[in-house]
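Chain letters run A, B, ... following the sequence lines, proteins first, then strands; residues in each count from 1. Not measured: the values here are computed from a predicted model.
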Amino acid sequence: MFDISLGDEGEVLVAGRLDASQADRAQRFLDQIPALRVLDMRQLEYISSAGLGVLLKTQKRLMAAGGGLKLINVNRHISEVFRYSGFDKLFEVTALDDRAGDL
Amino acid sequence: MQRYFPRTFHALDDIFAFTGHFYECEAVPASIRNAIDLSVEELFTNMVKYNSRSPQAIRITLKSLNKCVEVSLTDFDAERFDSTAASPVDVEAPIDARAPGGLGLHLVRRMVDSLDYEYSNGQSRITFRKRME
């Protein structure tokens, strides 16, 4: 299951599993937010390449407008995916336990 | 353990329920479950995408061998197409040079310990193994 919502401080909260069956829904939600800054991934258990595509497209849009996305509270599995895909260099990423060395 | 799944991305929930049941039955360590799920998803969605005209279901077989998990995905009524031989992705490229897509197989190669492709009698089979830590 997957859920995406807007937090109290304008951040986007994602939860569950961002897989290929949920990527379109995630993209549609993020496309509605013109100046997104933070994506809180505390409740996100899993991400696949489809989810990475959503993040990449969003980041390109935001950077073209002078902004950029910060990904916070990233778990160990997702940190590993980011490292293997080079996404740890495309985004500002903070691990779930706030130890940057885990990335 | 073996099941057939319809060739649609919406089968992923059922696929993960299937792998989850296998993990519990075989006491697969939690530390490798997401890596196996991700590899299954990437290979399954590739079969769906690159043989989209076929109505055949895709078979997923899960086995617990000596200290490793073996997973096979079989696509029936398929033309020979070794998706495991795709070109490498430049993960060091700057964001302007990055395009969505192409990362699935790259991630699989990093996540599993072996990856093999076989083609015979119109059937494509991809098998990977992941060591249990």
Side-chain angles (χ1 to χ4, degrees), chain A residues 1-3 16-27 30-31 41 43-71 74-93 96 102-103, chain B residues 5-20 23 29-50 52 58 83 86 88-112 130 133:
Chain A
M1 299 301 294
F2 174 71
D3 191 47
R17 302 170 70 101
L18 181 48
D19 62 33
S21 70
Q22 303 298 324
D24 286 347
R25 177 178 159 217
Q27 191 71 72
L30 293 173
D31 285 349
M41 305 176 88
Q43 302 296 328
L44 192 69
E45 303 164 15
Y46 167 100
I47 194 167
S48 65
S49 67
L52 296 183
V54 172
L55 295 181
L56 182 63
K57 185 179 175 186
T58 302
Q59 181 72 326
K60 286 190 168 198
R61 171 175 65 83
L62 294 173
M63 290 180 71
L69 194 56
K70 183 174 178 181
L71 309 178
V74 175
N75 74 19
R76 188 171 295 270
H77 157 68
I78 298 174
S79 293
E80 186 177 59
V81 172
F82 284 169
R83 190 168 63 248
Y84 290 159
S85 62
F87 271 43
D88 54 341
K89 297 181 177 59
L90 303 181
F91 296 84
E92 183 180 345
V93 181
L96 182 58
D102 281 351
L103 295 178
Chain B
F5 295 92
R7 44 191 334 113
T8 167
F9 290 4
H10 295 293
L12 285 172
D13 275 353
D14 285 341
I15 290 173
F16 294 143
F18 173 59
T19 59
Y23 299 150
S31 59
I32 67 170
R33 295 182 183 188
N34 275 334
I36 295 172
D37 277 355
L38 187 147
S39 301
V40 170
E41 174 181 339
E42 301 296 350
L43 296 172
F44 177 83
T45 55
N46 273 352
M47 285 180 171
V48 172
K49 283 186 286 190
Y50 297 120
S52 59
I58 293 170
S83 61
V89 175
D90 182 5
V91 298
E92 302 296 326
I95 193 165
D96 291 343
R98 300 292 297 266
L103 279 171
L105 191 58
H106 171 82
L107 292 173
V108 173
R109 288 195 186 115
R110 297 299 302 268
M111 294 271 175
V112 305
K130 177 73 178 172
E133 297 163 3

Original post:
With only heavy atoms counted, which part of A:Ile78 is less than 4.5 Å from chain B, the side chain, the backbone, both or neither?
Top reply: neither

Subject >> Within-4.5 Å side-chain heavy-atom neighbours: A:Met1 and B:Phe16 >> reply: no

**OP:** Side chain from CB out, backbone as N, CA, C, O: work out which of these in B:Ala99 comes under 4.5 Å of a heavy atom of chain A, or both, or neither.
**Re:** backbone

Original post:
Going by residue number, which parts of residues 40-47 of chain B are within reach of chain A, meaning a heavy-atom gap below 4.5 Å?
Top reply: B:Glu41, B:Glu42, B:Thr45

Subject >> A:Asp19 side-chain N/O to A:Ser48 backbone N/O, donor-acceptor pair under 3.5 Å >> reply: no

Original post:
Taking atom CE of A:Met41 and atom OH of A:Tyr46, what is their separation to the nearest 0.5 Å?
Top reply: 13.0 Å

Original post:
So which bits of residues 52-60 of chain A come within less than 4.5 Å of chain B, counting non-hydrogen atoms only?
Top reply: A:Leu52, A:Gly53, A:Leu56, A:Gln59, A:Lys60

**OP:** Look at B:Leu12, B:Asp13, B:Leu38 and state which one has the largest set of heavy-atom pairs under 4.5 Å with chain A.
**Re:** B:Leu38

Original post:
Heavy-atom distance under 4.5 Å between the side chains of A:Leu44 and A:Phe2, does that happen here?
Top reply: yes

Original post:
Are any of the side-chain heavy atoms of A:Val81 and B:Met111 separated by less than 4.5 Å?
Top reply: yes

Subject >> Heavy-atom pair count under 4.5 Å with chain A, highest-scoring of B:Asp37, B:Asn34, B:Leu107 >> reply: B:Asn34

**OP:** Answer yes or no: does atom NZ of A:Lys70 have more than 12 heavy-atom neighbours from other residues, nucleotides or ligands under 6.0 Å?
**Re:** no

Original post:
Any side-chain heavy atom of A:Phe87 sitting closer than 4.5 Å to one from B:Arg98?
Top reply: yes

**OP:** Flag the one option from A:Met63, A:Glu80, A:Gln22, A:Arg17 with the top tally of heavy-atom pairs under 4.5 Å to chain B.
**Re:** A:Arg17

Subject >> Heavy-atom donor-acceptor pair, A:Arg25 side chain to A:Asp3 backbone, under 3.5 Å >> reply: no

Subject >> Check: B:His106 side chain, A:Tyr84 main-chain N or O, donor-acceptor pair, under 3.5 Å >> reply: yes

Original post:
If you look at every heavy atom in A:Ala50 and A:Ala20, which pair is closest and at what distance?
Top reply: CB-CA, 3.5 Å

Original post:
Shortest non-hydrogen contact from A:Ala26 to A:Leu18?
Top reply: CB-CD1, 3.8 Å

Original post:
Where do B:Ala11 and B:Pro6 come nearest, in terms of heavy atoms and distance?
Top reply: CB-O, 3.5 Å

